[in-house]
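If you're wondering where the values come from, they're calculated on a predicted model, not measured in any experiment. Sequence positions, counted from 1, serve as the residue numbers for this chain. In each ligand, atom 1 is the first atom listed, and ligand 1 is the first ligand listed.
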Amino acid sequence: MKNKKKEKFRIPLSNYFAFIFSIILCISCFIAGLIVCTSFLWFYQGEITVKITVIICILVCLLVAVIGSATMWFGSRYLIKPIIKLRDGFRQVTEGNFQVAIKRNTNYRGTYQYTNELDELTENFNRMVKELNNMDYMRKDFMSNVSHEVKTPVAAITGFTEILLDGGLSEEEQKEYLGLVNEQSIRLSNLCENMLRLSRLDNQEIVPQGDVVQLDEQIRKTVIILSEKWQEKEMEFHLNLEKNHVKSNADLLFQVWMNLIDNAIKYSDSVKRIWIKESSNANEIIVEIEDEGIGIDSDKKGKIFDKFYQCDESHKKKGNGLGLSIVKRIVTMLSGSIQCESEWGKGTKFIVRIPNNK
Ligand code: ADP
C-alpha cells in the first residue's frame with residue numbers, strides 16, 4: 001500500500017508539511033538561540049543563574065514563534081498558489097465557463113504520477129471541466145437538433161394547411177394535401193414519443209428486471225406486428241430462434257427488437273430477405289438481425305448510435321435518428337452490448353448480447 005502511494009506522489013503533502021515544519025523549527029531555534037545568547041554575552045556580564053536561564057529560554061521561545069510564523073507565512077504563500085488557482089478555476093466554472101484549464105507544475109514530478117495531492121486535485125479539476133464542456137456541447141447540439149427536427153414538420157403542416165384554407169383545390173388535390181399533413185403529424189408524434197422515451201431512459205437509474213421473457217416468442221410477435229410493412233415490400237423473413245426464457249425487462253426488450261427489425265425493413269429495398277437468429281450459452285443470449293439492405297458506410301458506422309444521427313439526408317423521411325440511441329441505451333441498462341457489422345450496398349447485421357439471467 002505504501003509503495004503504491006509513493007509511486008503516485010513525488011512528495012505527499014503530509015511528508016512535505018512535516019519536512020517544512022521541522023526545517024523551519026530548527027532554523028528558527030538556531031537563529032533565536034544565536035541572537036539571544038550573543039546579546040546576553042555582549043550586554044550581560046553577571047553570573048548565569050537559574051532566573052537568567054529561564055529568561056533566556058522565554059526570549060528564545062518568543063523569537064522562535066516570531067521568526068517561525070514569519071517564515072511560515074512567506075512559505076505558505078508558495079503552497080497556497082495552486083489552491084488559489086483552483087479557487088479561481090471553480091469560480092469560472094460556476095459562472096458557466098467550461099474552457100478553463102489549470103496549468104500543472106511539472107518541474108519536480110519526475111517519473112511520479114503527481115507531484116502531490118494538490119497536483120492530483122488540479123488534474124482531476126481539468127478532467128472534470130473537460131467533461132462538463134463535452135456535456136455542455138452535447139446539450140446545445142441536442143437542443144439545436146430538437147428544434148430543427150420539430151421545426152421541419154411544423155413548417156410543412158403550416159404550409160399545407162394554408163394552401164388548403166386558401167381553397168380552390170380539386171377534391172383529389174385536397175386529399176393529397178391532407179395526406180401530407182397527416183404524414184407530417186405522424187412524424188411529429190413519433191419524434192415526441194421517441195424523445196420522451198429516450199429522456200425517460202436517460203433519467204432511469206434502476207431497471208426492473210423481474211419479467212420472465214420467452215425471447216423467441218417475443219421476436220416472433222414483433223415480426224408479426226411489423227408484417228404490414230414487410231409484406232408491402234414483399235420481403236422474406238428467415239427465423240432461426242432457440243426456445244429461451246430470460247429474466248429481464250419485457251417492455252424494454254420488445255422496444256429493442258422493434259427498432260432493429262423496423263430499421264432492417266426500412267433500409268432494405270423490396271423483395272429482400274431478413275434473417276433473425278437467436279442462440280444462447282451459459283452467460284448470454286445472442287440475437288442477430290441481418291438484412292441485405294442498403295448497408296452503412298464504414299466511416300459512418302461509429303456514429304449511428306448518436307442521438308439524431310442519420311447516415312443520409314434521404315433518411316429524414318424514414319425516421320428521426322433516435323431509434324438506435326434508444327436501443328443502445330436499453331441494451332446498456334440491461335448490462336448487455338450491441339455491435340454492428342455492415343457493408344455499404346450489401347447489408348447490415350446487428351448483434352445484441354444480453355445476460356442469460358434465469
Ligand atoms: P432512424 O429513425 O433514422 O432510422 P436510427 O437511430 O434507427 O434512426 O438509425 C440511425 C441511422 O442508421 C439511420 O438513419 C440509417 O441511416 C442507419 N441505419 C440504421 N439501421 C440500418 C440498417 N439496418 N441498414 C442501413 N442503415 C441503417
Side-chain angles (χ1 to χ4, degrees), residues 138 141-142 144-146 148-153 156 183-202 219 222-223 225-226 228-230 232-233 235-239 252-278 286-333 336-352:
M138 273 162 62
D141 195 44
F142 181 79
S144 87
N145 274 323
V146 170
H148 177 257
E149 290 293 324
V150 172
K151 259 187 213 160
T152 319
E183 192 183 284
Q184 294 301 322
S185 335
I186 292 172
R187 190 176 157 192
L188 201 57
S189 145
N190 285 342
L191 173 71
C192 294
E193 205 177 299
N194 273 341
M195 277 188 343
L196 277 174
R197 190 171 288 141
L198 196 57
S199 136
R200 240 193 339 256
L201 289 170
D202 276 343
I219 293 172
T222 319
V223 174
I225 291 171
L226 290 168
E228 202 182 316
K229 289 187 180 182
W230 56 266
E232 198 180 292
K233 283 179 143 182
M235 295 176 81
E236 241 177 61
F237 264 88
H238 294 265
L239 307 183
L252 293 181
L253 276 181
F254 174 72
Q255 192 64 56
V256 170
W257 318 133
M258 193 70 186
N259 288 10
L260 291 178
I261 299 171
D262 188 40
N263 274 357
I265 301 169
K266 264 194 314 194
Y267 298 109
S268 296
D269 293 330
S270 301
V271 214
K272 295 278 181 189
R273 290 167 296 176
I274 291 174
W275 293 266
I276 305 181
K277 187 178 170 211
E278 183 235 334
I286 305 149
V287 179
E288 298 170 39
I289 298 168
E290 186 175 2
D291 63 61
E292 42 182 16
I294 57 171
I296 300 168
D297 243 357
S298 53
D299 56 329
K300 291 177 178 166
K301 226 162 60 180
K303 295 186 195 155
I304 54 171
F305 296 106
D306 291 355
K307 287 171 190 159
F308 293 109
Y309 183 78
Q310 293 184 300
C311 298
D312 203 308
E313 275 297 303
S314 65
H315 298 175
K316 283 259 173 271
K317 269 191 161 182
K318 296 186 175 178
N320 41 50
L322 290 176
L324 288 181
S325 318
I326 292 174
V327 169
K328 174 91 182 178
R329 174 72 186 143
I330 294 177
V331 172
T332 311
M333 284 166 85
S337 67
I338 180 163
Q339 187 191 335
C340 172
E341 291 170 5
S342 186
E343 209 176 318
W344 176 240
K346 290 213 164 153
T348 307
K349 182 174 174 178
F350 282 97
I351 305 165
V352 178

*Asks:* Between D202 and K307, is the closest basic N to carboxylate O distance under 4.0 Å?
*Replies:* yes
*Asks:* Taking both backbone and side-chain atoms of G319, is any N or O found less than 3.5 Å from an N or O belonging to ligand 1?
*Replies:* no
*Asks:* Could an N or O of ligand 1 be found under 3.5 Å from any N or O of G321, whether backbone or side chain?
*Replies:* yes
*Asks:* State whether the number of non-hydrogen atoms from other residues, nucleotides or ligands found under 6.0 Å of K318 atom NZ is greater than 12.
*Replies:*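 Buried by this count: over 12 neighbours within 6.0 Å.
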*Asks:* Give the residue and atom name of whichever protein heavy atom lies nearest to atom 6 (O) of ligand 1, and the separation in Å to one decimal.
*Replies:*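 That would be L324 N, 2.8 Å.
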*Asks:* Considering only non-hydrogen protein atoms, determine which one is nearest to atom 7 (O) of ligand 1 and report residue, atom name and distance to 0.1 Å.
*Replies:*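 Looking only at protein heavy atoms, the one closest to atom 7 (O) of ligand 1 is N263 ND2, 2.8 Å.
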*Asks:* Using a strict cut-off of less than 4.0 Å between a Lys/Arg side-chain nitrogen and an Asp/Glu carboxylate oxygen, indicate whether R187 and E149 qualify as a salt bridge.
*Replies:* yes
*Asks:* When you compare ligand 1 with C311, is there at least one nitrogen or oxygen pair between them that comes in under 3.5 angstrom?
*Replies:* yes
*Asks:* Specify the protein heavy atom at minimum distance from atom 11 (C) of ligand 1: its residue, its atom name, and the distance to 0.1 Å.
*Replies:* Y309 O, 3.7 Å
*Asks:* Just to confirm my output: which protein heavy-atom neighbour is closest to atom 3 (O) of ligand 1, and how far is it?
*Replies:* Q310 NE2, 2.7 Å
*Asks:* So is there a nitrogen or oxygen of K266 less than 3.5 Å from a nitrogen or oxygen in ligand 1?
*Replies:* yes
*Asks:* Just which atoms of ligand 1 are under 4.0 Å from any heavy atom in G295?
*Replies:* 25 (C)
*Asks:* Could you tabulate the donor-acceptor pairs under 3.5 Å formed by side-chain atoms of residues 288-295, not counting sequence neighbours?
*Replies:*
from, atom 1, to, atom 2, distance (Å)
E288, OE1, K349, NZ, 3.2
D291, OD1, G293, N, 2.9
D291, OD1, T348, N, 3.2
E292, OE1, R273, NH2, 3.3
E292, OE2, R273, N, 2.8
E292, OE2, R273, NE, 3.1

*Asks:* Using a 4.5 Å cut-off on heavy atoms from C-beta on, say whether the side chain of D297 contacts that of C311.
*Replies:* no
*Asks:* List every atom of ligand 1 that sits less than 4.0 Å from any heavy atom of L322, numbering the atoms from 1 in the order shown and giving each element.
*Replies:*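 Result: 6 (O), 8 (O).
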*Asks:* At the 4.0 Å heavy-atom cut-off, does D291 count as touching ligand 1?
*Replies:* yes
*Asks:* For G293, state whether at least one heavy atom is located under 4.0 Å from any atom of ligand 1.
*Replies:* no
*Asks:* Would you say the side chain of V150 lies within less than 4.5 Å of the side chain of L188, judging by non-hydrogen atoms?
*Replies:* yes
*Asks:* Suppose we screen for salt bridge (Lys or Arg N to Asp or Glu O under 4.0 Å). Which residues come up paired with E193, at least two apart in sequence or across chains?
*Replies:* R197
*Asks:* Counting from 1, what ligand 1 atoms have a heavy atom of G323 closer than 4.0 Å?
*Replies:* 5 (P), 6 (O), 7 (O)
*Asks:* Which residue holds the protein heavy atom closest to atom 21 (C) of ligand 1, what is that atom called, and what is the gap in Å?
*Replies:* Y267 CD1, 3.5 Å
*Asks:* So which of I296, V327, I304, T348 gets nearest to atom 26 (N) of ligand 1, if we judge by its closest heavy atom?
*Replies:*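 Minimum heavy-atom distance to atom 26 (N) of ligand 1 goes to I296.
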*Asks:* Could you check atom 16 (O) of ligand 1 against the protein and tell me its nearest heavy-atom contact, residue, atom and distance included?
*Replies:* H315 ND1, 2.5 Å
*Asks:* Give me the one residue out of N194, N190, N145 that meets side-chain hydrogen bond (donor to acceptor under 3.5 Å, both in side chains) with N320.
*Replies:* N194
*Asks:* Could you point out which residue of I276, V256, I225 forms a side-chain contact (heavy atoms from CB on, under 4.5 Å) with I261?
*Replies:*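 The option that passes is I276.
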